[in-house]
Amino acid sequence: MTVFWQKDLETMDRASIERIQLERLQHIVKYCYDNVPFYHERLEKAGATPDKIKTLGDVERIPFTTKDDIRDTYPFGLFAVPMKKVVRLHASSGTTGKPTVVGYTKNDLDTWSDLMARLIVAAGGREDDIAQIAFGYGLFTGALGLHYGLERIGATVVPTSSGNTEKSIMLMHDFGTTTLISTPSYALYMSEVAREMGYQKDDFKMRLGLFGSEGSTVEMRNAIEEAWGIFATDNYGMSELMGPGVSGECERREGLHISEDYFLPEIIDGATGETLPRGATGELVITTLGKEAFPLLRYRTKDITRINYDRCECGRTFARMDKVMGRTDDMLKIRGVNVFPTQIESVIVGMKGISPNYQIVVTREGFMDKLEINVELIDETLLERFAELENLQHTIKDKLRSVLGLDAKVNLVQPKQIERFAGKAKRVVDLRNQTKEEK
Ligand code: DLL
């Protein structure tokens, strides 16, 4: 039997979901128009003033908001409440320049905790779980988001944060931790360190993993489940939208349920900005329907996915998004072919004889892009068995060719040669835009 956090809301029929969405959309557009000068001007200019929003489809009249808009109004320019109402700030680091800063009112934190609780319960988290949070605490939203959600359901939170891996593993063992919260790549690394410390998976009481914050394939999930002996779910979010808590998998794991009463999703063609029909794959755009401090209208996430509106067997009626395929800005264009790192991961992870750690390197020689994949062996003695080694290399190459439609150079490297990550993994090294000296 399915366990819910807020059954009435999570099982509403489509008409009720859409009624709530329209009411909230009308409210949030007026709220932004009245309280955020940036939106007042944008909406006036586009002729999308609050009186024009009569149906859910009218959302398309509203211009998109982008990360640049947030950067241009750094730090608090898009806030809709005075600072005295803001009780928390978070920020996403970003690779260049200033971070994007987000704020929360007391009500926002309360909503966030409930939305997190929904996803945790949907994934199988319970009051009697001991949940260890191995996301980095700080400006990043992952740790505190999960922290408050887990406390709300009554679980015991162990806020170890990321890093200090051996100590965290010792505590996991000694405390009888049942649930791990981290990025998939860190979960994998932790299992490796646990093995090195002499632990076997039966030495732990682990049963559940709530992972997210970076892309991961089903193959990667299988590898982590196998390494820890757990059931794992994928959870999606982003700091601008709130943090984790936007969508997550239920125990059926056939897509990530979006809390549609708080987030209105659309799928657009990332290149043209055109809204795509239901069921199409494209860039996810979200309008926040209930945020007070930092509301966003039609925010371009740059994440590629697809939304399924069919009813889920679990009984929840909220639409489900596919696991994120990648970000529009992570997509590699190699010799004219579009490649997502997740496609490469699906080939490599789970293959016999190699570890789930890999690195993708792209270089350019003359006008020719070159794709190289560094793959780590589990057994270093294989390096001496030349025929087997060659065989493995060919198998990987062939599989990559059939999935990507491209030839890649496969380098088999010794165990533990590829970098491990405590947060979001950086799997791609793109050296194409570097000058010779930088290389
Ligand atoms: O990563 C929020 C979060 C924390 C989600 C913990 C889940 C768990 P940001 O640091 O702002 O926020 O990064 C947001 O990370 O646009 C995606 O590209 C990526 N991302 C987040 N979750 C997933 C996921 C948090 N489950 C960016 N699968 C997003 C794939 C994800 N990508």
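In each ligand, atom 1 is the first atom listed, and ligand 1 is the first ligand listed. Excluded from the calculations below are hydrogen atoms, water molecules and symmetry mates; all remaining heavy atoms, backbone and side chain alike, are included.
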Just let me know how [X] lines up against ligand 1, side chain, backbone, both or neither, with a heavy-atom cut-off below 4.0 Å.
| X | result |
| --- | --- |
| Phe135 | side chain |
| Thr141 | side chain |
| Arg327 | side chain |
| Val324 | side chain |

Could you tell me whether [X] and [Y] have a side-chain N and a carboxylate O separated by less than 4.0 Å?
| X | Y | value |
| --- | --- | --- |
| Arg126 | Asp128 | no |
| Asp114 | Arg152 | yes |
| Asp69 | Arg42 | yes |

Discussion item. Between ligand 1 and Phe211, can you find any atom pair, the residue atom being a heavy atom, that is separated by under 4.0 Å?
Written reply: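 Distance cut 4.0 Å: Phe211 fails for ligand 1.
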query: For Tyr148, does the OH atom sit with more than 12 other heavy atoms under 6.0 Å from it, leaving out its own atoms?
result: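 12 or below, so no.
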* Decide if atom NZ of Lys399 counts as having more than 12 heavy atoms of other residues, nucleotides or ligands within a radius under 6.0 Å. =>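 No, NZ of Lys399 has 12 or fewer neighbouring heavy atoms, counting only those of other groups under 6.0 Å.
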Worksheet item: Are any of the N/O atoms in Ser92 less than 3.5 Å from those in ligand 1?
Response: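 No; every N/O pair is 3.5 Å or more apart.
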Ligand 1 to Ser216 polar contact by distance, N or O atoms, under 3.5 Å: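 For ligand 1, there is no N or O atom that lies under 3.5 Å from one belonging to Ser216.
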Pick from Asn235, Leu284, Leu119: the one approaching atom 7 (C) of ligand 1 most closely through a non-hydrogen atom:
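Residue with the shortest heavy-atom distance to the ligand atom: Asn235.
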Nearest to [atom], what protein heavy atom do you find, and at what distance?
| atom | result |
| --- | --- |
| atom 16 (O) of ligand 1 | Asp303 OD2, 2.6 Å |
| atom 9 (P) of ligand 1 | Lys424 NZ, 3.6 Å |
| atom 22 (N) of ligand 1 | Ser213 N, 3.1 Å |
| atom 5 (C) of ligand 1 | Gly237 N, 3.5 Å |
| atom 11 (O) of ligand 1 | Ser239 OG, 2.6 Å |
| atom 24 (C) of ligand 1 | Glu214 O, 3.5 Å |
| atom 4 (C) of ligand 1 | Gly142 CA, 3.5 Å |

Just jot down the ligand 1 atoms closer than 4.0 angstrom to any heavy atom of [X], in number order.
| X | value |
| --- | --- |
| Asp234 | 24 (C), 26 (N) |
| Phe140 | 1 (O), 4 (C), 10 (O), 25 (C) |
| Gly215 | 28 (N), 30 (C), 32 (N) |

* Indicate the ring-plane relationship of Trp112 and Tyr104, choosing parallel, tilted or perpendicular according to the 30° and 60° boundaries. =>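 Ring orientation, 0 to 90° scale: parallel.
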Name of the residue among Glu376, Gln417, Lys416 meeting side-chain hydrogen bond (donor to acceptor under 3.5 Å, both in side chains) with Ser355:
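With Ser355 as partner, side-chain hydrogen bond (donor to acceptor under 3.5 Å, both in side chains) holds for just one option, Glu376.
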- Counting only N and O atoms by type, is there a donor-acceptor contact under 3.5 Å from the side chain of Thr272 to the main-chain atoms of Glu274?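 Yes, the answer is positive, given that a donor and an acceptor are paired below the 3.5 Å cut-off.
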Problem set entry | Side chains of Ser162 and Tyr137, donor plus acceptor under 3.5 Å |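 There is no such pair (donor and acceptor under 3.5 Å, judged by atom type) between the side chains of Ser162 and Tyr137.
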Could you tell me if Thr305 and Asp322 have a donor-acceptor pair between their side chains, going purely by distance under 3.5 Å?
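The criterion, which ignores hydrogens and geometry beyond distance, is not satisfied for Thr305 and Asp322.
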For Glu254 and Lys323, what are the C-alpha separation, side-chain angles and deciding distance, and is it a salt bridge (charged side-chain N to carboxylate O under 4.0 Å, His left out)?
CA-CA 9 Å; Glu254 288 160 354; Lys323 277 167 115 29; over 6 Å; no
